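Reading through the structure tokens given below for one structure.
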Amino acid sequence: MTVLIADSGSTKTDWNLVNKTEVLQNVQTLGFNPMYQDTDDILVELRKALVPSLNDKNPGAIYFYGAGCSSPERNKKVADALQQVYPNSEIYVDHDLLSAARALCGHKPGIACILGTGSNTCLYDGANIVDNVPSLGFLLGDEGSGAYMGKLLMRAYFYRELPEELAQSIKNTFNLTKDSFLDTVYGAEVPSRYMATFAKFMHDKRKHPAVKELIYTNFENFFERHVLKYKDHTNLPVNFVGSIAFHFADILKLAAKKYGLHIETIIQSPSEGLIKYHQELLEKFGMPNKV
């Protein structure tokens with residue numbers, strides 16, 4: 001039996017087809033977020049990018065872990081799209097926070113954090129998520145994320161708070177006016193995805209004092225509004241998954257040190273941990289099992 005495991009953020013989705021012992025295939029598509037997309041939107045990308053690329057047209061089960069998959073109504077949007085293209089597969093849709101906890105903590109207690117296009121956190125007891133400071137999404141939250149980082153940079157740029165040479169570099173790189181920028185942000189299908197594109201510029205310029213300060217502020221806001229709210233946060237390991245945590249790990253660790261936090265693991269993608277988790281289930285039960 002094969003199992004298809006999807007790890008989806010707002011920007012990209014990694015699909016791994018596995019059996020008990022090996023990864024048979026990896027496919028990457030655009031990300032999905034049912035906060036912003038409906039079943040038909042998701043279905044278009046599945047038919048265009050996943051179905052033609054995947055060798056197995058009938059996986060035994062599909063486990064989809066996704067950003068925005070935080071309610072039965074939202075999860076149903078994704079499940080309905082998957083069921084239309086794979087009608088004979090068992091479909092399980094859950095939050096990407098659960099995938100982060102399973103991949104990062106395994107069977108040990110800890111704090112699991114996602115820092116990618118968006119952000120989220122949870123307290124994990126080794127088996128279940130037992131607490132979650134809510135993520136309020138792109139408009140009201142997402143502290144620590146690439147989208148939030150982009151907001152900090154663009155706000156400082158348009159408010160004329162950056163050194164002249166840095167502002168000129170932004171102007172030369174992106175050729176933005178206030179109107180073109182706002183039109184793009186408010187007209188984007190997934191605005192967080194657009195705002196997160198500025199994180200690459202910040203990574204390239206991360207040694208510039210003004211940029212480093214913005215990145216540090218991003219992580220300060222994240223720790224203060226999320227991680228510090230969890231019971232026993234200074235004694236539990238704090239673990240991270242996501243491109244922002246991975247590529248800005250040096251500054252992330254500096255910010256964590258300020259609050260006496262112990263960072264144990266930082267990985268770019270939860271795929272390896274998820275693959276191991278589901279292969280163990282296949283080995284133990286011989287069939288998909290929603291655990």
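The figures that follow rest on heavy atoms only: side chains count, while hydrogens, waters and symmetry mates do not. Every value quoted in this text rests on a predicted model; they were computed, and no experiment measured them.
Looking at heavy atoms from C-beta onward, I215 lies in side-chain contact with M202 at the 4.5 angstrom threshold. At a threshold of 4.5 Å between non-hydrogen side-chain atoms, the residues L162 and I170 count as touching. The closest side-chain heavy-atom distance from P59 to I62 is below 4.5 Å. Residues K20 and M1 have side chains not in contact (no heavy-atom distance under 4.5 Å, counting atoms from C-beta outward). For the pair E224 and F219, the minimum side-chain heavy-atom distance is 4.5 Å or more. Using a 4.5 Å heavy-atom threshold, the side chains of V227 and C113 count as touching. Contact of the L136 side chain with the L139 side chain is not registered, since no non-hydrogen atoms from C-beta on lie closer than 4.5 Å. Looking only at side-chain heavy atoms (C-beta outward), L274 and N16 stay at 4.5 Å or farther from each other.
The shortest non-hydrogen separation linking P109 to P237 is O-CG, 3.8 Å. Closest approach of A100 and I114 over heavy atoms only: CB-CG1, 3.7 Å. In this structure, C69 and P34 approach most closely via the heavy-atom pair SG-CG, 3.9 Å. Across all their heavy atoms, V133 and Y230 have their closest contact at N-OH, 2.9 Å. Between G144 and I244 the shortest heavy-atom distance is O-CG2, 3.6 Å. When all heavy atoms of Q28 and D14 are compared, the pair lying nearest together is NE2-OD1, 2.9 Å.
Looking at S169, its side chain never comes within 3.5 Å of a backbone N or O of E165 through a donor-acceptor pair. Of the possible donor and acceptor atoms, one in the side chain of T217 sits under 3.5 Å from a partner among the backbone N and O of E213. Distance alone, capped at 3.5 Å, places no donor-acceptor pair between the E143 side chain and the F223 backbone. Distance alone, capped at 3.5 Å, places no donor-acceptor pair between the N239 side chain and the A112 backbone. Judged purely by atom type and a 3.5 angstrom limit, N33 uses its side chain to pair as donor or acceptor with the backbone of M35. With hydrogens and angles ignored, the 3.5 Å screen pairs no side-chain donor or acceptor of S145 with any backbone N or O of G116. The backbone N or O of S89 lies less than 3.5 Å from a partner atom in the side chain of Q83, making a donor-acceptor pair. In this structure, the side chain of S135 engages the main chain of S119 through a donor-acceptor pair within 3.5 Å. In this structure a side-chain-to-backbone donor-acceptor pair under 3.5 Å is missing from H208 to K205. In this structure, T13 contributes its side chain and D7 its backbone to no donor-acceptor pair below 3.5 Å.
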Candidate pair L252 and L115, rule side chain to side chain contact (heavy atoms under 4.5 Å, CB included), full reasoning: CA-CA 10 Å; L252 179 66; L115 290 184; 4.0 Å; yes
Test log, rule salt bridge (charged side-chain N to carboxylate O under 4.0 Å, His left out), inputs E220 and R225: CA-CA 8 Å; E220 280 185 317; R225 289 179 174 164; over 6 Å; no
T2 and N19: CA distance, side-chain angles, deciding distance, side chain to side chain donor-acceptor pair (under 3.5 Å) verdict: CA-CA 5 Å; T2 60; N19 59 21; over 6 Å; no
L261 and H233: CA distance, side-chain angles, deciding distance, side chain to side chain contact (heavy atoms under 4.5 Å, CB included) verdict: CA-CA 7 Å; L261 300 170; H233 59 264; 3.7 Å; yes
Step-by-step side chain to side chain contact (heavy atoms under 4.5 Å, CB included) determination, M195 to M154: CA-CA 9 Å; M195 291 305 301; M154 289 295 101; 4.0 Å; yes
From CA spacing to verdict: side chain to side chain contact (heavy atoms under 4.5 Å, CB included), D38, D41: CA-CA 5 Å; D38 60 24; D41 296 327; 3.1 Å; yes
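Side-chain heavy atoms closer than 4.5 Å link hydrophobic residues (I, L, V, M, F, W, Y) into clusters, and following such links, possibly through other members, connects L254 to L228. Linking Ile, Leu, Val, Met, Phe, Trp and Tyr residues whenever their side-chain heavy atoms come within less than 4.5 Å leaves F64 and V44 in two separate clusters. F198 and V185 fall within a single hydrophobic cluster, where Ile, Leu, Val, Met, Phe, Trp and Tyr are joined by side-chain heavy atoms under 4.5 Å apart, directly or via other members. L182 and L152 fall within a single hydrophobic cluster, where Ile, Leu, Val, Met, Phe, Trp and Tyr are joined by side-chain heavy atoms under 4.5 Å apart, directly or via other members.
Within a 6.0 Å sphere centred on NZ of K212, heavy atoms belonging to other residues, nucleotides or ligands number 12 at most. Counting heavy atoms of neighbouring residues, nucleotides and ligands inside a 6.0 Å radius, atom NZ of K57 exceeds 12 of them. Within 6.0 Å of atom CG in N175, 12 or fewer heavy atoms from other residues, nucleotides or ligands are found, so the atom counts as exposed in its surroundings.
Atom-to-atom distance recorded for L30:CG and Q37:CD is 8.5 Å, nearest 0.5 angstrom. One finds the CG atom of L166 at 7.0 Å from the CG atom of L153 (value rounded to the nearest 0.5 Å). Of the inter-residue distances, the one linking L123 atom CG with N132 atom CG reads 10.0 Å to the nearest 0.5 angstrom. Distance check: S192 OG to Y148 OH gives 15.0 Å after rounding to the nearest 0.5 Å. A distance of 10.5 Å separates CD1 of I251 from NZ of K207, quoted to the nearest 0.5 Å. If you take CG on N55 and CG on L24, they are separated by 9.0 Å, rounding to the nearest 0.5 Å.
Ring geometry, W15 versus F32: the interplanar angle exceeds 60°, so the pair is classed perpendicular (tilted spans 30 to 60°). Ring planes of Y194 and F181: tilted class, angle from 30 to 60°. Classified by interplanar angle (parallel below 30°, tilted 30° to 60°, perpendicular above 60°), the ring pair F240/F222 is tilted.
Electrostatic pairing of K48 and E45 counts as a salt bridge here, judged by a charged N lying under 4.0 Å from a carboxylate O. A salt bridge links E264 with K108: the closest approach of a Lys/Arg side-chain nitrogen to an acidic carboxylate oxygen falls below 4.0 angstrom. Ion pair R206/D204 not flagged as a salt bridge, since none of the NZ, NE, NH1 or NH2 atoms sits closer than 4.0 Å to an Asp/Glu carboxylate oxygen.
A donor-acceptor contact closer than 3.5 angstrom is absent between the side chains of T39 and D80. Between the side chains of S70 and R74, at least one donor-acceptor pair of N or O atoms lies under 3.5 Å. With 3.5 Å as the limit, one finds no donor-acceptor pair spanning the side chains of Y277 and Q279. A donor-acceptor pair shorter than 3.5 Å cannot be found between the side chains of D142 and N120. A donor and an acceptor atom, one from each side chain of Y63 and S99, are nowhere located under 3.5 Å apart. For the residue pair D125/N128, the side-chain donor-acceptor check at 3.5 Å is not satisfied. Between the side chains of N58 and Y86, no donor-acceptor pair is found at a separation under 3.5 Å.
A centroid separation of less than 6.0 Å is found between the aromatic rings of F201 and F174. In this structure, F248 has its ring center closer than 6.0 angstrom to the ring center of H203.
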